[in-house]
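Scope of the values below: all heavy atoms of this structure, side chains included, with no hydrogens, waters or symmetry mates. Just follow the structure's listing: the first ligand is 1, and inside any ligand the first atom is 1.
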Amino acid sequence: MSRPPIRLRSPLCAADPARIEALVRAAGVFNAAEIAIARELVVETLARGEDAAGYHFLIADQGDAVAGYACYGPIPATENRFELYWIAVSPAARRGGLGQQLMAAAEMGARAKGATHLFAEASDRADSQPVHAFYRACGYTLHARVPDYHTDGDGLAIFGKRL
Ligand SMILES: CC(C)(COP(=O)(O)OP(=O)(O)OC[C@H]1O[C@@H](n2cnc3c(N)ncnc32)[C@H](O)[C@@H]1OP(=O)(O)O)[C@@H](O)C(=O)NCCC(=O)NCCS
């Protein structure tokens with residue numbers, strides 16, 4: 001059976017906390033604390049609104065499920081610098097260009113809100129190398145590595161792009 005088409009939308013809707021939590025859990029790379037934070041950001045943004053919360057969401061709907069999403073926003077106390085806080089695509093939808101589509105939409109949204117730079121962080125564990133390849137494919141440069149940032153053997157990699 002063919003899968004329903006994927007459609008990008010914003011803003012968030014009431015069903016998103018559970019659906020985004022399910023997506024982030026299925027992504028297979030986030031720990032329990034990260035999954036809880038991903039859900040909490042959605043709940044907070046639904047309650048306060050995107051501008052007040054400082055988080056902007058793009059959702060890729062596929063039927064009743066969320067096939068991917070991105071969350072970005074201004075970095076507090078910086079000048080027009082934004083961060084891509086989250087990007088995830090369900091394992092079944094990967095390598096079909098959805099990640100790049102979400103990234104392009106996030107860049108366009110950030111630019112429209114005044115962003116001149118977008119930064120994205122990742123772990124530097126071996127199992128995060130696909131994410132590094134993805135950021136590079138989207139035109140991002142690795143600016144810094146901080147060894148053991150998350151825990152011993154799990155450092156931080158900071159990527160960025162001038163928009
Ligand atoms: C990173 C992620 C969002 C990419 O989504 P995607 O829809 O598969 O990405 P795309 O299909 O748009 O890939 C674009 C390009 O990125 C690179 N790329 C993506 N996934 C890759 C992988 N697993 N290995 C190597 N390169 C990869 C390729 O160059 C790819 O182009 P190609 O398929 O024509 O070779 C997805 O793998 C994911 O959800 N990972 C887990 C969540 C995560 O770690 N998020 C980042 C931290 S918040």
Problem - Basic-acidic side-chain contact under 4.0 Å: Arg7, Asp61 - result: no
Handout entry: Salt-bridge contact Arg39-Asp16 (side-chain N to carboxylate O under 4.0 Å)
Key = no
Problem - Closest non-hydrogen atom pair between Leu46 and Leu12, with its separation - result: CD2-CB, 3.7 Å
Handout entry: Residue pairs involving residues 85-104 (criterion ring pair (Phe, Tyr, Trp, His ring centres under 6.0 Å); sequence neighbours excluded)
Key = Phe30-Trp86, Tyr55-Tyr85
Exercise for the section: Please work out whether the ring planes of Tyr135 and Tyr140 are parallel, tilted or perpendicular, with thresholds of 30° and 60°. Expected result: tilted
Contact table, ligand 1 N/O with protein N/O, distance under 3.5 Å:
residue, atom, partner, partner atom, Å
ligand 1, 7 (O), Gly99, N, 2.8
ligand 1, 8 (O), Arg95, N, 2.8
ligand 1, 11 (O), Arg95, N, 3.4
ligand 1, 11 (O), Gly96, N, 3.3
ligand 1, 11 (O), Gly97, N, 2.8
ligand 1, 12 (O), Gly99, N, 3.4
ligand 1, 12 (O), Gln100, N, 2.8
ligand 1, 24 (N), Arg95, NH1, 3.4
ligand 1, 33 (O), Arg95, NE, 3.0
ligand 1, 33 (O), Arg95, NH2, 3.4
ligand 1, 35 (O), Arg95, NH2, 2.9
ligand 1, 39 (O), Val89, N, 2.7
ligand 1, 39 (O), Val89, O, 3.3
ligand 1, 45 (N), Ile87, O, 2.7

Problem - Within 6.0 angstrom of Asp64 CG, more than 12 heavy atoms from elsewhere - result: no
